[in-house]
Structures are given as structure tokens and as C-alpha cells.
Amino acid sequence: MKRPFATLGISFLILFSSCSDQKQATKTFIQENIDNATAQYTLQTNKIEESGKILNPRTINADGSIHYIPVDDWCSGFFPGSIWLIYKLTDNTKWLPLAEKYTEALDSVQYLTWHHDVGFMIGTSYLNGYRFIHKKGYKDVIIQAAKSLSTRFRPKAGVIQSWDANKGWQAERGWKCPVIIDNMMNLELLFEASKLSGDSTFYHIAVSHANKTLVNHFRANNSCYHVVDYDPETGKVLKKQTAQGYSDESSWARGQAWALYGYTMCYRYTKDKRYLHQAEKVYDFIFKNPNLPKDLIPYWDYDAPHIPNEPRDASAASCTASALYELSTYESNAKYLKTADRIMENLASPVYRAKVGTNGYFILMHSVGSLPHHTEIDVPLNYADYYFLEALMRKKEIETIH
Ligand code: GLY
């Protein structure tokens, strides 16, 4: 009788010690990535502070110099947002004045009505600030920004118009009321503003937009179109196309990530199972896709013509990882957490994560902004970093709970 028990005891010991080894490895992984991000963003913020200006880095130029953007650029929230996330990850108050300063530089964005991205811009900056330190005044900015975004709601079509049809390169496309899948990300601002103000109008606009997108943006194979053009008077769908993908019928990688993240987030606020199921369907499309590389960092479009000789998009991967950590908290299926961890391990490898002091002081390399517009191909992007840090924060929170 003694032997089996002894064997059982040894197996238990091995299991126990491999569990605690695993826990230690996870802790080390998280800490090492926090240290790396802190080092890069210390260099980034030092350089800006030394300039005496308030600058907002988005990517790097062809000559390797840092590309700074004005406050009305759709990416202006990600840099302050990343500083908030580093503050949260480090718990070091040295980051607070920087997070506040670069957030408050976006004050005028709350009144921006000429594109839909105010949700990205205020959600990543002011909303994180409000969540983390409840700073006075931030709540009013969030509510005003939601009002501005709501001016783009077209009630007869039931959607928020993403881009103006008569401005810039969009004017050449002949759209009437273009809605892009990215717009799902802006709904978080509306849900939060509804909670903060008690005004359910924002909530209803968000739900209407999510429902219309559910019906009109997805294909039978669970991938999504980039652009759906509506008749704003009748709600009729006029066109299903792309702007940043390879072709109208192809699956632009970041668009799939926005869809996965967007519907997971909508489930957080509504508990509507249709949203959860949509997120799961997008997951299936991405992770059963034969063109998804083994390291799970997608090419910029799942149907790009020269795979495997196409650039990867690390921003799609980091956004997907962050979404999957959230999804893993709603679904008991371990695959979501496992997949998110695999993406993060690969993004944190030297293939995608830059050496400290290089890459314009951004964390991740190898993202694509818009290949059809010949801009930002195989470069760092501030939103790739933002979602990487958000994913790291979510991973840390999940590990702390368990
Ligand atoms: N929202 C614009 C983009 O994903 O490139």
C-alpha cells in the first residue's frame, strides 16, 4: 500500500512545483514587459519634455524620426492612454503628471464632430484617467465627447456615420453615410457616458449601431467588411467595400480585431448574448484561418495576394489579445486565455518587440496603418503599443485574481 501513495505524493509534488514554476514564469513575463515599456516610454517622454513642447507621437517617418500628430488626429488618445496604462501597471506616481498633461492637451477633442474617432481619442485618454484617479472635470469631458459623437447618429439608418462623405480622400468614393467596423470601438465612450450622466440616449445610440453592424457588416464566414455605406434617409445598405483592406471582399486584419474587441466590449455593458456570440464567431474566423501564421500575428489582410511575403500587423494582434483577455472572463472556455497568452509571448519576443532605445521609443515593431494608401507600412504605431499595454494590464489583473 505504501508505494502507490508514495508515487502519488511525488506526482503531486511535481504537479505542485510545476504549477508554481508556471506562476513564477508568468509573473516574470509581466514584470519584464512592464520594465521594457517603462524604459521605452521614459525615453519617449524625456525627449518630448526636453523639447519644451507638448508633442504626440504616432509612428516613425521613413528617415526614422518620430512622427508627431495634432490633437484632432484619430490616434491622439493612444499616447496619453499608454502613459495611463504604464502608471496603472507600475503604480508609480511619477507617471501621473505626464498622463494628465498629455491627456489635458486633448481638451478640445470633446467638441470634435467631423469624424467618429472621438471615442478612441477620449476613451483612451480621459476615460482611463477617470477610471484610474477619478480626476475632477474628466467626467464632464467624457459626457461632452459623447454628445459630440452622437451628432453623427443618423436615426433613420440607426447608425453613427464614421466619415464625412465630402471630405478628403473619402469624397472620391461616392459614399453617402459610410460606416466602418472601427466604429464599434467608439461605442465604449457612449456606454460610459450613459452611466456617468444617467442619460440613456447614449446607450440607445450605441445599441442601435451595434445591432445594425451585426446585421450588415458580417459575411457568412464570420469575417467583416471594412466599410458599409448606408442611405441615411432610408437606412438601405448601398455598398459594402473596403478602404484599408486589400479588396472589398477581403478581410482586413485590423478590422477583424476591431470587431472582436468591439462586440466583447458591447457585451460588457449590455449582457446581450448576441454580442458575445458575434465575438466568438470572429474568433473562429481569425483562428481557423489558414492564412494566419503560426505565431498568430496576422498579415495586414487575411487575403493579401502575396502571403507569406506580406507585412504583418502587430496592431491587429495586440488589439486581439486585449479583447481575448476580456472575453476569457465571460466564457469558461480556456482557449481564449491561452490564445491571448500565445499572442503576447510572440509580441514580446525580439521579432516584434524593439530593443530599448530603438524604434522611435515605441514598444512594438511591424504594424501597418494603411497599405492601399501607401502609408505606415511595417512601422511602429502608437495604438499597437496601447493595446499591448492594455492586454498586459488585463493579463496582470486576471493572474492576480486566480
Ligand atoms: N481606425 C483606423 C484604423 O484602424 O486604421
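Atoms within a ligand are numbered from 1 in the order they appear, just like the ligands themselves.
Applying the 4.0 Å criterion to heavy atoms of Gln244 picks out, from ligand 1, the atoms 3 (C), 5 (O).
For the pair Lys281 and Tyr283, the NZ or CZ position fails the cation-pi test of under 6.0 Å to the six-membered ring centre and within 45 degrees of the ring normal. Taking the ring axis of Tyr225 as reference, the NZ or CZ atom of Arg219 stays within 45° of it and closer than 6.0 Å to the ring centre.
Taking the six-membered ring for Trp and the full ring otherwise, Tyr330 and Tyr267 have centroids separated by under 6.0 Å.
Side-chain contact annotation: Tyr261 with Glu390, donor-acceptor N/O pair under 3.5 Å present.
Atom 2 (C) of ligand 1 has its nearest heavy-atom neighbour, among Asp182, Ile180, Ile181, in Asp182.
Between Trp258 and ligand 1, a contact under 3.5 Å exists for at least one N or O pair.
Counting protein heavy atoms only, atom 5 (O) of ligand 1 is closest to Arg254 NH2, 2.6 Å.
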